[in-house]
Amino acid sequence: MPTESLWPLNVPGIAYGGDYNPEQWPLDVQLEDVELMREAGVGLLSVAIFSWAQLEPREGEFEFEWLDAVLDRLHAAGIRVALATATASPPPWLTRKHPEILPERPDGTVLNQGSRQSYAVSSPLFRDYALRMTRRMAERYREHPALALWHVDNELGCHVPHDCSDAAAVAFRRWLESRYGTIDALNTAWGTAFWSQRYDSFEEILPPRAAPTFVNPTQQLDFARYSSDEQLAHYRALRDVLREVTPHVPTTTNFMMTTANKWVDYFSWSSDMDVVANDHYLVSRDPEAHIGLAFSADLSRGVAGGAPWMLMEHSTSAVNWQPRNGAKRAGEMLRNSLSHVARGADAVMFFQWRQSAAGAEKYHSAMVPHAGRDTDVWRNTVELGRILRALAPVKGSRVRAEVALVVDYPSWWSAEAEGRPTDALDYMAEATRWYRALWRRGVAVDIVSAGTDTAGYRAVVVPTLHTVTDRDAARVAEAAHAGASVLITFLSGIVDEHDHVRLGGYPGAFRDLLGVRTEEFYPLQEDEVLTLDDGTRADLWSEKTHLEGAKSVRTWADGPLAGLPAVTRNSVGRGSAWYVATRPDEEGVAGIVDALLAEAGVSPAAAGLPEGAEAVRRYSDDGTSFLFVINHTAHDVEVSAAGHELLRGEDVAGRVTVPARESVVIHER
Amino acid sequence: MPTESLWPLNVPGIAYGGDYNPEQWPLDVQLEDVELMREAGVGLLSVAIFSWAQLEPREGEFEFEWLDAVLDRLHAAGIRVALATATASPPPWLTRKHPEILPERPDGTVLNQGSRQSYAVSSPLFRDYALRMTRRMAERYREHPALALWHVDNELGCHVPHDCSDAAAVAFRRWLESRYGTIDALNTAWGTAFWSQRYDSFEEILPPRAAPTFVNPTQQLDFARYSSDEQLAHYRALRDVLREVTPHVPTTTNFMMTTANKWVDYFSWSSDMDVVANDHYLVSRDPEAHIGLAFSADLSRGVAGGAPWMLMEHSTSAVNWQPRNGAKRAGEMLRNSLSHVARGADAVMFFQWRQSAAGAEKYHSAMVPHAGRDTDVWRNTVELGRILRALAPVKGSRVRAEVALVVDYPSWWSAEAEGRPTDALDYMAEATRWYRALWRRGVAVDIVSAGTDTAGYRAVVVPTLHTVTDRDAARVAEAAHAGASVLITFLSGIVDEHDHVRLGGYPGAFRDLLGVRTEEFYPLQEDEVLTLDDGTRADLWSEKTHLEGAKSVRTWADGPLAGLPAVTRNSVGRGSAWYVATRPDEEGVAGIVDALLAEAGVSPAAAGLPEGAEAVRRYSDDGTSFLFVINHTAHDVEVSAAGHELLRGEDVAGRVTVPARESVVIHER
Amino acid sequence: MPTESLWPLNVPGIAYGGDYNPEQWPLDVQLEDVELMREAGVGLLSVAIFSWAQLEPREGEFEFEWLDAVLDRLHAAGIRVALATATASPPPWLTRKHPEILPERPDGTVLNQGSRQSYAVSSPLFRDYALRMTRRMAERYREHPALALWHVDNELGCHVPHDCSDAAAVAFRRWLESRYGTIDALNTAWGTAFWSQRYDSFEEILPPRAAPTFVNPTQQLDFARYSSDEQLAHYRALRDVLREVTPHVPTTTNFMMTTANKWVDYFSWSSDMDVVANDHYLVSRDPEAHIGLAFSADLSRGVAGGAPWMLMEHSTSAVNWQPRNGAKRAGEMLRNSLSHVARGADAVMFFQWRQSAAGAEKYHSAMVPHAGRDTDVWRNTVELGRILRALAPVKGSRVRAEVALVVDYPSWWSAEAEGRPTDALDYMAEATRWYRALWRRGVAVDIVSAGTDTAGYRAVVVPTLHTVTDRDAARVAEAAHAGASVLITFLSGIVDEHDHVRLGGYPGAFRDLLGVRTEEFYPLQEDEVLTLDDGTRADLWSEKTHLEGAKSVRTWADGPLAGLPAVTRNSVGRGSAWYVATRPDEEGVAGIVDALLAEAGVSPAAAGLPEGAEAVRRYSDDGTSFLFVINHTAHDVEVSAAGHELLRGEDVAGRVTVPARESVVIHER
């Protein structure tokens, strides 16, 4: 139960800090660390994430003294700790003694030690060892005054999203039995009458291991669900120990909510999290990586149900795991940090405090770089501390959005599965295609799960919701009936939760809502680009669609479907339902979004900002608000605003200049 | 023994239908199926291909009642059945009980259940189970009046062309012992003096599993032969049971004779087939996919020895296993069907009757689409039924060709093996390069195996016959001596059946016939394009060739071989032998083909047709003939013809219009 | 101990010959071989490399008679033999009996027989068999008069540079224990505090097998070292037997010192070699493959410590293992051969004498081609024999160079490891970038290892010496202090021998020498090209560098670092230290090299030669020298020289013409 007023993020103001791995350094460096932390204003550190082999160097022999000293030292410096369960990677003695806990790829390749996360999350044996370690941590530090938060494991599912070991087979069967009850129900759901796949008992079932050709798609979809659930089960098991021993301390783990991390359905985890935490890293080669960052931040807020969340990791500059790891440019790290805060983060933390000299991540930037204090990186670290202290009033305020974007992990999984009409569909590229258009318009967007009650939004965008239950489809319709302008794109509503096609014409679950019927898909070839009647170019997808109530908004100007509708609109209740039956180019998407927002009456957080400047507003319970304006361009921009500018500590009114590459945060009172 | 006059294709007229998988559907849908089949005029269905797990849900427990009902229902509707052995994919209980029947990749990866065809074809244990299932089917339905044909397994070798399991090792050794008799003979044939590979007994031999570098090429070639033969052995074993129980019923299986399916030597199977059946699917991204179709159809007729054959599967529209699965365009499916019939098919069938709602192929089109009857797909299904009824008189007639194209599976295997002069050689691209030129000229082509007696043809084209026996090389020479214009392309005649180079100068087996001697190959680099003296551009290949009796037709205009011959012609007996020592561009191939056909006196089925219109003639025993003119273009074309046009049911004479995207079939009497 | 005056290359003049595999041929061909060898002037043959299965067809049963006959026949013809240990590939009976000797890939895939080199070099069992075979060879032929040299195994490490089998795990642990002594020392060196990798005993350590993500980089670096050392240990074990039985016979093995063969650190082998031997094959698609050849030859001389070396294998024309295996052009093979001799080779040998008719390398050219004697290949074989006889006086002379290029295998391994700032770095492309510029200037270059005493050179080029010990870094600095112009490129000096970053600013070990400090790397994206202030284009790499004593030579003209230094020069002692902090284009490199050579006072072997003509000089102990001028162009070139031209046997003085595609060798007396 929460016992502190700041719960679940038990630090004052916006938390600032990063992963701290003192075990990599000699004592003199650790002592210098505390000095530097004070200089930077660090208030929260993630500790002991990968310390298992240091804490339990031999089975059952624990050495906590070094960690005691670290925590005492941090506490003395007024720094609080998000303490890890230390279970993120098993020690070599464990995998050597029990190689059966190692995970396996679909082709049977064993993933060995020598790296990190070399465990099968479904292994009962591994679970026991992890629970023992977790209990030891909890019991030892239950009363430690530095303890602010529990950090379970690390980036669960990051490197081993799917394990096909024998342990996984057992766990998968157990999960299926729980889902379906009887093998007959599973046979029906999986469509095993196809290709002689009928099962006579759950014992006959395997994970989707290497096979001669396409594995049963429902089996794959369920295995993806199981894999996400099994990671969650591991989280819950460790969390339950922590709650038992330290009921007063909140628990979290660091998610990786990006357009690249496909295999954990974070929406299904949110109710288990005391606070949602996210790790985000820029895509170095993307000149608009800040839009991807905004998506990730909005998704984090969505998973947090609108509540403030923690940015648990990002980077001061380059990472080391992309093909070419460019450094962050002037002001970029500070803008990144502010963008996260603007979109709901109440913590800004980094991997990691001090850049490693050895190991696989030594070329990953940190708050203290290899080159030391006489560096831009360190100066930015100090400056960010200053900024976050200035932003303390922002803590606890919330973003409000009039537009919802529906993102659905099972649709991501199923729409990109093998044997689909086109293998070129990139689910998250479709979602971000619409998100980017909204970002460019300066419109706040809540990213929500399928099945969320969206009836209060003015506009709801539903990209490629391939897999949808009747219930979730009804929720979308309800939003339109309640007055929202709903926009649904191609390949939505096609299959139910078992990946069974909804018969009678596409887009199945949304046919009535949209007032159209598609008789056949016409996927386009790689070099095939067609034109709509307004000149929009479109590729990837077309379909033979008939109006059954809707009106045509755009028709095909060329190709085999010339004259047939490509974009439609159906009046529904107090709202409308738009259908986009192709993939328009960026200009085409912009035109449709403009029409949709105009119809819905949605306006941006700040009017008149040029492309590349980002404005977001957070609202306090006290009726005041915070306007963040972040200028990603190389030119000064102006915004109309009034209030107290927090970064520079001055009152402003009227046209406020946001210098090139800088930001303002105006407390509007 | 055949007991019906229609044998081996026991249905009247051109058979029409498809794969029927009623086990995927509830009874009401099955009842509707029969109604719709009547509407479409379906007369033959492939049933029970993947029904093993439904028919034998637990080992030794059989449930045939549902299939009885299906067959009775179809029989009542006048529909005949190509009944499968149901052995195409083992039930999960079988692979769970006996994982040793699973096949393995060369690197040892086991191919598990969950998909289809998860069996090692060489496994004696699997064979026993498959034989038991086959015998049960045969015994239960031996007297069923719907039974027209046996369909053994399905697309044998499709997904697992090569199995490297221990079972395969045993079978491969047995096959080698049978081929070579002694280990000394094998050592000589395989050239095991190279790289210390000498075997002391057959027991030491393995399949070509993962190895440090290139595996012995003769071992690989023999393993390809063995793999094809082992699939055939499986066919024979099941077929023998069927013949024993139902000697009056013909047997077949569906081949996949395309330019993509490399690992079954269908020519070596033909004498075992009561009727040859083929599956063909368009390459969606190829704007001239109809030429690939024609190649496949002519190859089917070649494997059938000129006799009519069955198109066992094609698609009404899109498939689901290509990268981007485009829908068929207006009239395309009908033209496809007619092209198959024109080239000898007496059956036009589809995968599948009703589009699945679940499973790995649910996005594959069918005769009854997801969207139901109000669709172009269904209207085409009905129209095709009408057309095929009109074409009933065509049944049993035969194509006659004056040109033979030699296709050789072992040359395909060996010419593309590792460690060759160039890894860019695509055997089938070379074969189709010449085939396409002939197709464009409207010339009928028989695709025949190496070793076929081609002495009756006016022209014989032999692309890249890399591996050739003395006997087969002599057959080619005989055709030239008998008066044919023989054209042989580079890399032909290089090695004998053991992949041993024929010494003394290339192209080895054809040096005397061609009157040339090549001292060295000069493969070209990826961006290297050279010119011949007539301006033809050529790439991929050149060689340093000397005339030894032949005359030069084209010489190199540039490059290191400038002035040396690139295309030659040798007068031989009553005919000639041309050599093309490079890969000319399409125009260059056209020029050579024109010269060859002019010399040989070969003319097209219909004169004066524009590019994209296809004319083929079938001849009846009664002296009449059927001229198929298929217009793939978007413009009407005209053809000079006289007779009864079957599709429209009208007599024609003189200039006959073939509307854009449509066809005519004129019974010339 | 050496007992012949010609030792260690026991043949008079420049040795000429190739691999001889008579076991592939019948006796009549073997008899013809000797006639042809006489015609070509062959004097040395490598015999029995892959003869194990012929010599020991069953375990413990030896059949030497056929080899006796071969050696006697060669001896009778005056041909000497580099006799192999015959252990390069185990016979099938051995791998069948002991599959535990097979090597494994990191993912556990076993590399089976059927190819070559299918053994785990660390397997004690395999070692025993190989030692027995070696001893048998040595004892049988110890007194044979044809025996000139022992040839151990073949291209050690070629196909299996890394073995991850259990045998390898044991050997790796033993190697680590020897390197580190205690597990604590290993934990420190490997930085195992990172990612919970701490080891409690050596028994817990594995080779870098498949793992969830990046494996510990020091583990990988040490595994690379171990793998090279383990191949050397195998060499030593066999060599020791040979030395014991035949102390009078020198021993070698054929290296593969090219820019492609990464995993054997040949510098660390050189002290174990009685004579260094190299295999070199042109990259067929590279129009300047002769520069790659020169690099390989200079590297061979470097590994030989400047002493003459053997070209053990090259090709008369095409190979068969590249993507497209082009034939050599007119004169190319002769120029290749002369270039090797010019750069220190005292032997020119080929794979192989007679082109195989069967097996995996039958499309690899040989001295006697498939097409026989009436071929350019054979005429070149005879001509080369004549040339090498004319070059007999060259034997034993040495190249002298004023420029050293430092190449370091551990830096190659570590700079290209995973998780680095950019994955686009190609270590050898960087080394050859500078080498090519020097080659174009006609400057002799010694390629030397890091740690070589380079104080005597006028210029020292150090490309991307990522990993460097304090001692080796000091050696580089000493060269500058002693007067050399030292040029160091980006990513040098970054980590120590344990792959630990040198803290405080890059480029770590060279910061003081270079007088610069880099605070952060700025790797460039794939399409990112920036400009220096002299117009040079640069890509791949930039870094934020500050002058700390050095002067700026080039600055950035654009990009985020505009105005900061990109190329610097620091005056050091009697010399200088240049830093190139990016990858300039070819013109930019040329400008820097010109400045460096001008400053250092380095001049070419022959002045005024046009691009594409190569001049190298060898110096005899007697004070005379040999000027090789090799004209790779299609035009005659002239060179100023005086002396006796050996190839044409005439005295020359003044302007000497080197005909297009030909060469001259002038004995300057």
Side-chain angles (χ1 to χ4, degrees), chain A residues 21 23-25 50-54 57-58 86 88-93 95-96 103 105 107-118 158-160 284-285 317-318 320-327 329-330 355-365 369-372 374-377, chain C residues 106-109 188-201 203-220 418-424 495 498-506 508 517-528 540 544 546 560:
Chain A
N21 299 298
E23 60 267 50
Q24 297 177 20
W25 299 98
F50 289 105
S51 303
W52 194 344
Q54 303 293 322
R58 284 159 298 282
S89 214
W93 60 256
T95 54
R96 178 179 178 234
R105 291 195 191 126
D107 68 356
T109 300
V110 174
L111 299 177
N112 291 276
Q113 73 176 28
S115 171
R116 74 181 210 184
Q117 213 175 71
S118 49
C158 174
H159 302 295
V160 190
S284 177
R285 68 177 171 277
S317 190
N320 72 314
W321 44 264
Q322 294 181 9
R324 297 177 186 228
N325 299 289
R329 301 303 172 85
Q355 191 168 8
S356 297
E361 294 192 314
K362 61 175 163 288
Y363 289 112
H364 192 296
S365 63
H370 287 151
D374 185 9
T375 54
D376 284 349
V377 166
Chain C
D107 69 356
T109 301
T188 302
W190 286 19
T192 59
F194 184 78
W195 283 0
S196 188
Q197 296 172 348
R198 182 191 169 283
Y199 293 97
D200 201 56
S201 80
E203 297 314 300
E204 292 173 7
I205 295 172
L206 292 178
R209 291 181 178 162
T213 180
F214 300 153
V215 171
N216 183 300
T218 315
Q219 179 179 1
Q220 295 196 61
E418 56 194 3
R420 304 284 146 167
T422 177
D423 72 0
V495 297
H498 301 309
D499 205 49
H500 289 218
V501 172
R502 295 170 176 279
L503 299 175
Y506 316 114
R517 184 180 63 91
T518 290
E519 64 171 275
E520 193 174 4
F521 299 141
Y522 276 63
L524 303 181
Q525 296 301 322
E526 191 165 8
D527 52 0
E528 207 175 351
L540 185 76
K544 191 163 195 171
H546 305 284

Non-hydrogen atoms of chain C under 4.5 Å away: do they reach the side chain of A:R329, the backbone, both or neither? side chain

Tell me which of these, C:G191, C:P523, C:A210, C:G108, has more heavy-atom pairs under 4.5 Å with chain A than the rest. C:A210

CZ on C:F521 to CZ on C:R420, rounded to 0.5 Å: 10.5 Å

Name the region of C:T518, side chain, backbone, both or neither, that has any atom closer than 4.5 Å to a heavy atom of chain A. backbone

If we define contacts as heavy-atom pairs under 4.5 Å, which of C:S201, C:P212, C:A189, C:P208 has the most with chain A? C:P212

Please identify, among A:R105, A:Q117, A:E23, A:R58, the residue contributing the most non-hydrogen atom pairs under 4.5 Å to chain C. A:R58

Quick one: of A:S51, A:S365, A:S317, who has the most non-hydrogen atom pairs under 4.5 Å with chain C? A:S317

Rounded to the nearest 0.5 angstrom, the CD-OG1 distance for A:Q322 and C:T422 is 11.5 Å

Rounded to the nearest 0.5 Å, the NE2 atom of C:H500 sits from the OG atom of A:S356 at a distance of 10.5 Å

Where do A:E361 and A:N320 come nearest, in terms of heavy atoms and distance? CA-ND2, 3.5 Å

Measuring heavy-atom distances to chain A, does C:E528 have an atom under 4.5 Å in its side chain, in its backbone, in both, or in neither? side chain

Chain A contact via C:R517 - side chain, backbone, both or neither, heavy atoms under 4.5 Å: side chain

Where does A:P369 contact chain C at under 4.5 Å (heavy atoms): side chain, backbone, both or neither? neither

Using a cut-off of 6.0 Å, state whether more than 12 heavy atoms not belonging to C:E418 lie near its atom CD. yes

Of A:S118, A:G326, A:P92, the largest count of non-hydrogen pairs under 4.5 angstrom with chain C goes to A:P92

Let me know if A:D107 has heavy atoms under 4.5 Å from chain C in its side chain, its backbone, both or neither. neither

Who among A:A360, A:G372, A:A358 has the most heavy-atom pairs with chain C under 4.5 Å? A:A360

Between C:Q197 and A:G114 the two heavy atoms that sit nearest each other are NE2-O, 3.0 Å

Tightest non-hydrogen contact, residues A:Q355 and A:W25, listed as O-CZ2, 3.2 Å

Given that the side chain runs from C-beta out, which part of C:Q219 has a heavy atom under 4.5 Å from chain A: side chain, backbone, both or neither? side chain

How long is the straight-line distance from OG1 of C:T192 back to CD of A:Q54, given to the nearest 0.5 Å? 6.5 Å

Leading residue by heavy atom contact count with chain A [cutoff under 4.5 Å; candidates C:T109, C:I205, C:V501, C:L524]: C:V501

Which region of C:T218, side chain (C-beta onward) or backbone (N, CA, C, O), has a non-hydrogen atom less than 4.5 Å from a non-hydrogen atom of chain A, or is it both or neither? neither

Interatomic spacing from CD in A:Q113 to OG1 in A:T95 - rounded to 0.5 Å: 4.0 Å

Just so I understand: if I count every heavy-atom pair under 4.5 Å between each of C:Q220, C:E519, C:K544, C:E526 and chain A, which residue has the most? C:E519

Let me know if A:R324 has heavy atoms under 4.5 Å from chain C in its side chain, its backbone, both or neither. both

Interchain contact, A:N21 with chain C, by part (heavy-atom threshold 4.5 Å): neither

With a 4.5 angstrom heavy-atom cut-off, could you sort out which part of A:S284 is near chain C: side chain, backbone, both or neither? both

Contact part of C:P421 toward chain A, heavy-atom cut-off under 4.5 Å: side chain, backbone, both or neither? both

Are A:F50 and A:Q24 packed together at the side-chain level, in the sense that at least one heavy-atom pair is separated by less than 4.5 angstrom? no

Do you know which of C:G419, C:A424, C:G505 has the most heavy-atom pairs with chain A at a distance under 4.5 angstrom? C:G419

Return the orientation label for the A:W93 and A:W52 ring planes: parallel under 30°, perpendicular over 60°, tilted otherwise. perpendicular

Quick one: pull up CG in A:D376 and CD in C:E520 and give me the separation to the nearest 0.5 Å. 7.5 Å

Pick from C:L540, C:T188, C:V215: which one has the most heavy-atom pairs with chain A under 4.5 Å? C:V215

For the student: nearest non-hydrogen atoms of A:R116 and A:S89, plus distance: CA-OG, 3.0 Å

